[in-house]
**Student:** 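Have a look at this one.
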Amino acid sequence: MGDYTEELNNAFNVLKRGGIILYPTDTVWGIGCDATNPEAIDKIFALKRRSEEKALICLVSDFKMLNQFIEEVPEVAYDILKYAAKPTTIIYDKPIRVAENLIGEDNTLGIRVTKDKFCEQLLRKLKRPLVSTSANISGQPTPNSFSEISKEIIDGVDYVVNLQQAIKTPKPSAIIKLSNDGKVKVIRK
């Protein structure tokens, strides 16, 4: 297993120069990049062979960062996140300051406030959201552990974080869509 600080710095340097990383999150292993870099996001779409209509989600370190990238966070979001028993991604209306190709056609973006220590520290260093999409080719099953990630994905990223590779990861996050008109819709429990 890699040295924690070294892994953090390596991942950060790759992200800063527009690369994509494979990294452990508070849910499944993720493919990530700087959420404000459209070229890096294109690389992820290409690697996953995923159509650009299918939005990607991203991670933020805390509520303060969330507020910098969503025009208006509905009050109810804080309650949902405070009481959520598991990692929860919320789809918000009107994202701002992120790459155009990250935003859904209906002008929404799924964001999770991460509770994972590594992700949190990486985000604080990066000072912008981190794309987080499951480490699989589109249409293939989501890997539950590092050992299930295909060679094509591992070879296709610019850096693989050498931490927690032996750990079996829990399931993907819950997903809730919160519209500014007050509608709440559970997309994945």
Side-chain angles (χ1 to χ4, degrees), residues 11 15 20-35 40-41 43-63 65-66 69-70 76-93 95 98 101-106 108-123 129-154 156-157 160-161 163-179 184-189:
L15 292 168
I20 60 177
I21 63 169
L22 183 60
Y23 67 110
T25 75
D26 48 355
T27 61
V28 295
W29 270 76
I31 303 173
C33 70
D34 172 350
I41 292 164
K43 283 190 209 167
I44 291 181
F45 278 122
L47 176 61
K48 282 185 66 100
R49 300 206 284 268
R50 183 178 170 129
S51 98
E52 289 205 12
E53 284 76 75
K54 292 188 81 176
L56 302 172
I57 73 153
C58 56
L59 304 179
V60 293
S61 54
D62 49 28
F63 288 139
M65 188 185 276
L66 174 65
F69 294 92
I70 294 296
V76 63
Y78 301 108
D79 293 334
I80 291 173
L81 294 172
K82 209 163 96 183
Y83 299 111
K86 63 185 265 188
T88 300
T89 300
I90 295 185
I91 300 172
Y92 299 94
D93 285 342
V98 293
N101 55 345
L102 187 59
I103 300 172
E105 286 182 334
D106 54 355
T108 60
L109 178 60
I111 298 184
R112 188 162 79 248
V113 179
T114 184
K115 300 247 187 322
D116 176 82
K117 188 177 134 202
F118 177 79
C119 294
E120 210 175 298
Q121 291 182 323
L122 186 56
L123 283 155
L130 183 60
V131 168
S132 181
T133 179
S134 56
N136 56 330
I137 304 292
S138 208
Q140 291 181 1
T142 299
N144 291 317
S145 63
F146 183 79
S147 60
E148 290 177 17
I149 299 170
S150 73
K151 186 175 174 342
E152 186 177 347
I153 294 284
I154 291 171
V157 298
V160 177
V161 174
L163 297 171
Q164 297 169 20
Q165 292 190 353
I167 297 171
K168 199 106 166 113
T169 44
K171 296 190 167 23
S173 70
I175 301 179
I176 295 171
K177 188 173 170 87
L178 279 193
S179 306
V184 178
K185 184 177 168 203
V186 177
I187 293 178
R188 181 167 70 198
K189 277 198 159 103

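No experiment lies behind these values; they were computed from the predicted model shown.
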**Student:** I need the Leu15 CG to Ile20 CD1 distance, nearest 0.5 Å.
**Tutor:**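 Atom-to-atom, Leu15:CG and Ile20:CD1 are 10.0 Å apart.
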**Student:** Work out which heavy atom in Leu56 is nearest to a heavy atom in Leu102; give both atom names and the distance.
**Tutor:** CB-CD1, 3.8 Å
**Student:** Using side-chain contact (heavy atoms from CB on, under 4.5 Å), reason through Tyr23 and Leu130 one step at a time and then give a plain yes or no.
**Tutor:** CA-CA 11 Å; Tyr23 67 110; Leu130 183 60; 3.6 Å; yes
**Student:** Give me the atom names and distance for the closest heavy-atom approach of Ile153 to Ala135.
**Tutor:** CG1-O, 4.0 Å
**Student:** What closest approach, in Å, do Val98 and Pro129 show between heavy atoms, and which atom pair accounts for it?
**Tutor:**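 Smallest heavy-atom distance, with atoms named: CG1-CG, 4.4 Å.
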**Student:** Please enumerate all residues that pass side-chain hydrogen bond (donor to acceptor under 3.5 Å, both in side chains) together with Ser134, with sequence neighbours excluded.
**Tutor:**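 With sequence neighbours excluded, Ser134 shows a side-chain hydrogen bond (donor to acceptor under 3.5 Å, both in side chains) to Lys48, Asn136, given in chain and number order.
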**Student:** Flag the pair Lys115 and Asp62 as a salt bridge only when some basic side-chain nitrogen lies within less than 4.0 angstrom of an acidic carboxylate oxygen.
**Tutor:**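 Salt bridge absent between Lys115 and Asp62.
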**Student:** Only pairs at least two apart or in different chains count here, so list each side chain to side chain donor-acceptor pair (under 3.5 Å) that has a residue in residues 84-93.
**Tutor:**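 Those involving residues 84-93 are Thr89-Arg112, Thr89-Ser173.
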**Student:** What residue among Thr114, Thr27, Leu59, Ile111 forms side-chain contact (heavy atoms from CB on, under 4.5 Å) with Ser132?
**Tutor:** Leu59
**Student:** Taking all non-hydrogen atoms of both residues into account, name the closest pair between Ile187 and Lys177 and its distance.
**Tutor:** CD1-CB, 3.8 Å
**Student:** Please lay out, stage by stage, how Trp29 and Thr25 fare under the test side-chain contact (heavy atoms from CB on, under 4.5 Å).
**Tutor:** CA-CA 6 Å; Trp29 270 76; Thr25 75; over 6 Å; no
**Student:** Evaluate Gln164 against Asp116 for side-chain contact (heavy atoms from CB on, under 4.5 Å), listing each step before the verdict.
**Tutor:** CA-CA 12 Å; Gln164 297 169 20; Asp116 176 82; 4.1 Å; yes
**Student:** Step by step, would you call Met65 with Val113 a side-chain contact (heavy atoms from CB on, under 4.5 Å)?
**Tutor:** CA-CA 9 Å; Met65 188 185 276; Val113 179; over 6 Å; no
**Student:** For Glu148, which residues count as a side-chain hydrogen bond (donor to acceptor under 3.5 Å, both in side chains) partner, sequence neighbours excluded?
**Tutor:**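 In terms of side-chain hydrogen bond (donor to acceptor under 3.5 Å, both in side chains), with neighbours along the sequence ignored, Glu148 is linked to Lys168.
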**Student:** Quick one: CD1 on Ile149 to OG1 on Thr142, what's the gap to the nearest 0.5 Å?
**Tutor:**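 The OG1 atom of Thr142 is 10.5 Å from CD1 of Ile149, to the nearest 0.5 Å.
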**Student:** Closest heavy-atom contact between Phe118 and Ala11?
**Tutor:** CZ-CB, 4.2 Å
**Student:** Just jot down the side-chain hydrogen bond (donor to acceptor under 3.5 Å, both in side chains) partners of Lys185, sequence neighbours excluded, or say none.
**Tutor:**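 Expected list: none.
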**Student:** Do Asp106 and Thr108 have side-chain atoms, one donor and one acceptor, less than 3.5 Å apart?
**Tutor:**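 Thr108 and Asp106 do have a side-chain donor-acceptor pair below 3.5 Å.
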**Student:** Closest heavy-atom contact between Leu163 and Pro24?
**Tutor:** O-CG, 3.9 Å
**Student:** Determine whether the aromatic ring centres of Tyr78 and Phe63 lie less than 6.0 Å apart.
**Tutor:**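 Centroid separation for Tyr78 and Phe63: below 6.0 Å.
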**Student:** Could you give the distance from CD1 (Ile103) to CG (Asn101), rounded to the nearest 0.5 Å?
**Tutor:**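 One finds 8.5 Å between CD1 of Ile103 and CG of Asn101.
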**Student:** Measuring from atom CZ of Arg188 to atom CD1 of Ile175, what distance do you get when rounded to the nearest 0.5 angstrom?
**Tutor:**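 Answer rounded to 0.5 Å: 4.0 Å.
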**Student:** By the salt bridge (charged side-chain N to carboxylate O under 4.0 Å, His left out) test, which pairs, at least two apart or in different chains, include something from residues 76-85?
**Tutor:**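 Every pair satisfying salt bridge (charged side-chain N to carboxylate O under 4.0 Å, His left out) with a residue in residues 76-85: there are none.
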**Student:** Quick one: which residue pairs count as a salt bridge (charged side-chain N to carboxylate O under 4.0 Å, His left out) with a foot in residues 136-145, not counting sequence neighbours?
**Tutor:** none
